[in-house]
Asker: 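Pasting in a structure now, in structure tokens, and then I'll have a few things to ask.
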There are 2 protein chains.
Amino acid sequence: MSTPAREPRSAVDGDVVVETALRLVEEHDVSALTMRRLAAELGTAVTAIYWHVGNRDALLDLLVERLIADMGTVRVTGRTPRARISSLLRAWRQRLLERPHLIAIAHERGRTAEMFQPMQAGLARELAAVGLHGEAAAAAVRVLQFHVVASVVLQRTAGRGPATNPTDPAAWPDIPDPDLVGALAVPVDHDEMFRFGLDALLDRLLPA
Amino acid sequence: MSTPAREPRSAVDGDVVVETALRLVEEHDVSALTMRRLAAELGTAVTAIYWHVGNRDALLDLLVERLIADMGTVRVTGRTPRARISSLLRAWRQRLLERPHLIAIAHERGRTAEMFQPMQAGLARELAAVGLHGEAAAAAVRVLQFHVVASVVLQRTAGRGPATNPTDPAAWPDIPDPDLVGALAVPVDHDEMFRFGLDALLDRLLPA
DNA sequence: ACCTGAACACCGTTCAAGT
DNA sequence: ACCTGAACACCGTTCAAGT
């Protein structure tokens, strides 16, 4: 005889709008999120969406909000501080790579900082363990976050387009080093590039 | 009595279409480049553009082509190889920052590699001077190019949006270091971040 | 060879009208 | 409080028709 705490009265509410929009974006692309397509997916008139979420712009903000809320902490492994920092950043990179379309939206709307708040907190803890505080720690957080974001953004956009177009070696009269030209023709290994840059940065940032 | 080599017979041709499109994109945004607006700017019917350049997608390709053709070499200063490499990369970063919208288009279309061909050539020359060849040189070229592109892409997208939203320090219970939180609240200095990362990478890449 | 206008299938958004 | 349909001002693109 107990009734559910809240009887839904309408067919759709703000939450299912956001969830459906999220699905459209993650499965396809931000361009797949049109008000008409969303309405079709929800089985309502287009204009019903406007009542719940305002407009498309506000809906994108809600998606970002949801993404930020989902960004919990991350498992860290390793015994030395350097290993732990490296593990932390690699895990974050991995997590971001799983939601490329959403993080692109967040990034375009200037919400990266918020999105990274948990990562910054974890990083701050590890940096404190090696004696970095205040401005020095902030600079380190920024440089490392830059590296993670850059890696993800570049890998994401490189995934689209005509296979990154590794330039025709024959059309390179300016570089008189055939081995170099040949090596540049093979596809980029983003994982390795990330690790290389990360190691270089940690060498600089962490006290010996 | 001499006639010009070629008498233009039509009001518009492919070149003025591309030039006008270029202007629209550089002055505003890629979203300002609509076929109808372009036609208005040219004083023709919308459909005339289709005769000259195909469609919007092909037009974007032509813009990228033009950008790539414009990417000549760059003045390099400094006496040590390291100083010269650093100068080269800073100059390229500067050049890219001057045309943010266009490089964004090129990047989204997977044409970054072509765009950077002259930079890669200059870089190869300098790397050869310090004894780097073949695969090692290619890896260095890639890592350094990654750093330049990343810096430009992030700075560009950070320029839009609500001032990058430096997170409210009061909402940071997770970081028990008020100086760090305060330091993270001031806006990012992209120039400094670029130089810091560049120095770290060069330390790793160049032989002592 | 070059350009036009009409038409089609899409967008986001507003608004008066319904329950 | 919640939803609808019609309407408006935009898109890119096609196509038959004009010169």
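Chain A is the first sequence line, chain B the second, and so forth, proteins listed ahead of strands; every chain is numbered from 1. No experiment lies behind these values; they were computed from the predicted model shown.
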Asker: Quick one: pull up CG in A:L184 and CZ in B:F116 and give me the separation to the nearest 0.5 Å.
Answerer: 13.0 Å
Asker: Take atom CG of A:D29 and atom P of C:dC11, then tell me their distance rounded to the nearest Å.
Answerer: 14 Å
Asker: Give a yes/no on whether any side-chain N or O of A:T47 is located under 4.0 angstrom from OP1 or OP2 of D:dT4.
Answerer: no
Asker: If every non-hydrogen atom of A:G134 is compared with every non-hydrogen atom of B:D177, which pair is closest and at what distance?
Answerer: N-OD2, 3.2 Å
Asker: Below the 4.0 Å mark, does C:dC3 have OP1 or OP2 next to a side-chain nitrogen or oxygen of B:H52?
Answerer: yes
Asker: If you check the A:W51 side chain, which of D:dC2, D:dT14, D:dC11 turns out closest?
Answerer: D:dC2
Asker: Just the rounded figure in Å: distance from P of D:dC3 to CG of A:D13.
Answerer: 9 Å
Asker: When the distance from CG of B:D57 to P of D:dC11 is rounded to whole Å, what number comes out?
Answerer: 18 Å
Asker: Working to the nearest 0.5 Å, report the span between CG of B:L24 and NE2 of B:H101.
Answerer: 11.5 Å
Asker: Rounding to a whole Å, what distance do you find between B:L59:CG and D:dC11:P?
Answerer: 15 Å
Asker: Could you state the CG-P distance from B:L42 to C:dC3, rounded to the nearest angstrom?
Answerer: 10 Å
Asker: When Watson-Crick pairs (N1 to N3 and N6-O4 or O6-N4) and G-U wobble pairs (N1-O2 and O6-N3) count only below 3.5 Å on both distances, what is the dot-bracket string of DNA chain D, with | for other-strand pairs?
Answerer: ||.|||||...|||||.||
Asker: Look up atom OG1 in B:T112 and atom CZ in B:F146, then write down how far apart they are to the nearest 0.5 Å.
Answerer: 12.0 Å
Asker: Send over the distance from A:Y50 OH to C:dA17 P, rounded to a whole Å.
Answerer: 21 Å
Asker: Give, for atom CZ of B:R23 and atom NE2 of B:H28, the distance between the pair rounded to the nearest 0.5 Å.
Answerer: 8.5 Å
Asker: Consider the side chain of B:R36, meaning its heavy atoms from C-beta on, and name the nucleotide among D:dG12, D:dT4, C:dG12 that approaches it most closely.
Answerer: D:dG12
Asker: What contact category does A:L33 fall into here, base, sugar-phosphate, or nothing, at under 4.0 angstrom with non-hydrogen atoms?
Answerer: sugar-phosphate
Asker: In whole Å, what is the span from the CZ atom of B:R37 to the C1' atom of D:dC11?
Answerer: 14 Å
Asker: If you check every side-chain atom of A:A48, which of D:dT13, C:dT13, D:dT4 has the closest atom?
Answerer: D:dT4
Asker: Say you draw a straight line from CZ of B:R93 to NE2 of B:H147; how long is it, rounded to the nearest 0.5 Å?
Answerer: 8.0 Å
Asker: Between C:dG12, C:dT4, C:dA7, spot the one nearest the side chain of B:T44, thanks.
Answerer: C:dT4
Asker: Starting at atom CG of B:N55, determine the distance to atom P of D:dT13, rounded to an integer number of angstrom.
Answerer: 5 Å
Asker: Which distance, rounded to the nearest 0.5 Å, do you find between the CG of B:L144 and the CG of B:L127?
Answerer: 7.0 Å
Asker: Quick one: on DNA chain D, does B:V46 or A:A45 contact a more 5' nucleotide (nearest heavy atom)?
Answerer: A:A45
